[in-house]
Asker: 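Can you keep this structure in mind? I'll have questions shortly.
In each ligand, atom 1 is the first atom listed, and ligand 1 is the first ligand listed. Along the sequence shown, residues are numbered consecutively beginning with 1. This structure is a prediction, so every number in the text was calculated from the model and none was measured. The basis for the numbers below is simple: all heavy atoms, side chains too, and nothing from hydrogens, waters or symmetry mates.
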Amino acid sequence: MAIKNIKDDIEKILIGEERIEEIVGRISAQIDEYYKDRGSRLLLLGILKGSVVFMGDLMKKITVPVEIDFMKVSTYGSGTTSGGSINILLDLYRKDLPNTDILIVEDIIDSGKTLSYLVEYLKLKGAKSVRTCTLLDKPERREVDFEADWVGAVIPNEFVVGYGLDYDEKYRALPFVGVLKPEVYNI
Ligand code: IMP
Ligand code: MG
């Protein structure tokens with residue numbers, strides 16, 4: 001069997017590697033500026049699995065001291081639409097939340113349900129502060145009122161893959177964000 005190149009399934013690149021580098025540089029500088037001179041601990045909280053590539057690049061550029069952790073949530077629904085209710089599959093266990101500033105790192109905001117739920121949840125758990133940053137934002141798809149504190153790029157209402165984002169668990173390893181060829185969905 002021939003080895004398949006995942007790049008062959010991409011119709012167009014939406015956010016290329018250079019643009020991603022710019023985004024990571026800009027957001028990490030803004031995070032450094034915002035969280036400098038704080039006595040509390042800063043926790044980068046990645047939402048599995050989509051955020052891992054962005055999180056890895058971002059944490060290398062941030063210069064203020066950070067700790068990392070991960071949560072995993074499922075939004076019921078599959079394929080190219082995100083679903084309704086949110087289920088916590090991997091929770092955050094941490095003793096000193098009242099002394100922790102949490103920065104949630106997300107791949108993309110679609111309906112807004114995941115992040116609006118998580119922000120409230122982590123505040124209720126007692127975090128000192130909860131802020132959010134996302135690589136991508138699709139504001140046209142919003143179902144609940146939610147805005148991230150730091151946004152990498154606003155994109156149109158198209159399903160995207162790469163740089164952590166998947167379709168059916170594939171394409172996460174692509175170094176850019178792109179749109180799949182239509183025939184990929186029909187096989
Ligand atoms: P929300 O709760 O509707 O904002 O859903 C956000 C989640 O849906 C993201 O963390 C992604 O896992 C998934 N998602 C939304 N849009 C896309 C997309 O275009 N490509 C891949 N995953 C997406
Ligand atoms: Mg996700």
Asker: Relative to the ring of F159, is the ring of Y167 parallel (under 30°), tilted (30 to 60°) or perpendicular (over 60°)?
Answerer: perpendicular
Asker: If the contact criterion is a heavy-atom separation under 4.0 Å, does I47 count as touching ligand 1?
Answerer: no
Asker: Looking at E21, I'd like to know if its CD atom is crowded, meaning that more than 12 non-hydrogen atoms belonging to other residues, nucleotides or ligands lie closer than 6.0 Å.
Answerer: no
Asker: Establish, from distance only, whether the side-chain atoms of D9 and Y171 form a donor-acceptor pair under 3.5 Å.
Answerer: yes
Asker: Would you call G50 a ligand 1 contact, heavy-atom distance under 4.0 Å?
Answerer: no
Asker: Hey, does V160 come in under 3.5 Å of ligand 1, counting only N/O atoms on both sides?
Answerer: yes
Asker: Mark yes when over 12 heavy atoms from residues, nucleotides or ligands other than K181 sit less than 6.0 Å from its NZ; otherwise mark no.
Answerer: yes
Asker: Just heavy atoms, cut-off under 4.0 Å: does E106 contact ligand 1 by side chain, backbone, both, or neither?
Answerer: side chain
Asker: Do R38 and D101 meet the salt-bridge criterion of a basic N to acidic O distance under 4.0 Å?
Answerer: yes
Asker: Output the list of atoms in ligand 1 that are nearer than 4.0 Å to some heavy atom of K113, sorted by atom number.
Answerer: 2 (O), 4 (O)
Asker: For K138 and ligand 1, answer yes if some heavy atom of the residue is under 4.0 Å from a ligand atom, otherwise no.
Answerer: yes
Asker: Nearest heavy atom to atom 2 (O) of ligand 1 wins, so pick from V177, T114, T134.
Answerer: T114
Asker: Does an N or O anywhere in G112 fall below 3.5 Å from an N or O of ligand 1?
Answerer: yes
Asker: Under 3.5 Å, is there a donor on one side chain and an acceptor on the other for D149 and Y34?
Answerer: no
Asker: Could you tell me if any non-hydrogen atom of I108 lies under 4.0 Å from any atom of ligand 1?
Answerer: yes
Asker: Applying a 4.0 Å heavy-atom criterion (strictly less than), which segment of D166 is in contact with ligand 1: side chain, backbone, both, or neither?
Answerer: backbone
Asker: Looking at L165, which atoms of ligand 1 are within less than 4.0 Å of one of its heavy atoms?
Answerer: 20 (N), 21 (C), 22 (N)
Asker: How about CG on N5, more than 12 heavy atoms from neighbouring residues, nucleotides or ligands closer than 6.0 Å, or not?
Answerer: yes
Asker: Just wondering, are more than 12 heavy atoms of other shown residues or ligands nearer than 6.0 Å to NZ in K125?
Answerer: yes
